[in-house]
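A short write-up of the structure that comes next.
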Amino acid sequence: MVNIRLLTSILLVLIALQSHHAWSQTYGLALHGGAGYMTPESLGPEKSKAYKDALQIALEIGYSTLKKGESSETAIINVISFLEDNELFNSGRGSVLNAEGQVEMDASIMLGKDLSAGAVAGVTTTKHPIKAAALVMNESKHVMMAGDGAEKFSKQNKLEMEEPSYFITDEKRESLKKMQERNSQELDKDQYKGGKGPSDVLNSKFGTVGVVALDKDGNLASGTSTGGMSNKMYNRIGDSPVIGAGTYADNATCAVSCTGHGEYFIRLAVAHEVSALMKHREWDVDKAASHVIHVELENLGGKGGLIALDRRGNVSAPFNTPGMFRGWKLSDGREEVKMFKD
Ligand code: ASP
């Protein structure tokens, strides 16, 4: 009798565990480190390894944050702050320079649970622009702040600040010089198509960072941070801080972060377009994301890519450049870091 009772209890526990597993929320993140004209040849083995290692560490930072039960918002901030500190990427320190030789950074963040969002544009002294974007979202009644006002708000709220020179690296200074000597504009020259072109110029053509995350509560969030495009005009603002263009998140559809030639991404409202196709045509995330990059962006003549993640943990990462630094790590065991075409 006792044994039958014991057996029944064990059985019930096993059934409960099984059904919990079946219903447990997948969590995890996907990230990009910019789309561009890199190929294994233009990057070389040493740099390839450096990027791969950095992407791997970034994924671990995000995944361990989510594993602890912290929010997708916290994961975005932790991962992007790390990438902003890493001068390999075009965000924070190591940002590309504008035509005047200065760094002007843009960043944004959005939460899928309530569509709250924050963004900063053209900041020059905020150490982690993604934190300033989150500050605008959480501590102001606005969505976007620019320039001096955004810096003042960051300072008042005790974010870390740096001198403008902190963000400028020799490598980015050198590539601006070479780019200006050739009078070229980033990402839009046919001569660089297919990764053929001077390697120093090619290697400067990527590095924006973006993260999409899904936490244990099933909440999506996305964030993007960039120095924009090399040799851009003073005060030019790209898609990255524009909610709906470079960044979008809605629990009903997906979280998206874009990278590429920002002017095209703004005109197509790329990040929102992916979400809208899922919402109104009931397409899955990969169909929607691929259509926007390979049909809509391509038809307009734009170059770049995006990462998108839906609430069930489906990832899509289409791009129409030779490469895009990207990776993902999900609680169901999917894990990948890639840089070039498959
Ligand atoms: N989208 C960014 C911008 O236009 C640049 C990039 O992603 O490479 O500012």
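Start at 1 and go down the list; that is how both ligands and their atoms are numbered.
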Stepwise side-chain contact (heavy atoms from CB on, under 4.5 Å) check, R311 with N251: CA-CA 7 Å; R311 221 176 169 182; N251 274 0; 3.8 Å; yes

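Contacts with ligand 1 closer than 4.0 Å are made by side-chain heavy atoms of S240 only, the backbone lying farther away. Residue T259 touches ligand 1 through backbone and side chain together, judged by heavy-atom distances below 4.0 Å. At a heavy-atom cutoff of 4.0 Å, ligand 1 is contacted by the side chain of R236 but not by its backbone.
Salt bridge annotation for R173-D170: present, with a cationic side-chain nitrogen under 4.0 angstrom from a carboxylate oxygen. Residues D53 and K49 are paired through a salt bridge, judged by an N-O separation under 4.0 Å between the basic side chain and the carboxylate.
Contact between K232 and ligand 1 is absent, with no heavy atom of the residue lying under 4.0 Å from the ligand. Using a non-hydrogen distance threshold of 4.0 Å, G34 does not register as a contact of ligand 1.
Each of the following atoms of ligand 1 lies closer than 4.0 Å to a heavy atom of G262: 4 (O). Under a 4.0 Å criterion applied to the non-hydrogen atoms of G228, ligand 1 contributes the atoms 5 (C), 9 (O). Close approach to G260 involves these atoms of ligand 1, each under 4.0 Å from a residue heavy atom: 1 (N), 2 (C), 3 (C), 4 (O), 5 (C), 6 (C), 7 (O), 8 (O). Taking a cut-off of under 4.0 Å to the non-hydrogen atoms of D239, the atoms of ligand 1 that pass are 1 (N), 2 (C), 3 (C), 4 (O).
Between the side chains of S331 and T26, no donor-acceptor pair of N or O atoms lies under 3.5 Å.
Shown here is E163, whose CD atom has no more than 12 heavy atoms of other residues, nucleotides or ligands within 6.0 Å.
Geometrically, ligand 1 and D106 share no nitrogen or oxygen pair separated by less than 3.5 Å.
No side-chain heavy atom of W328 sits under 4.5 Å from any side-chain heavy atom of L29.
Once rounded to the nearest 0.5 Å, the distance linking CG of L214 with SG of C254 reads 11.5 Å.
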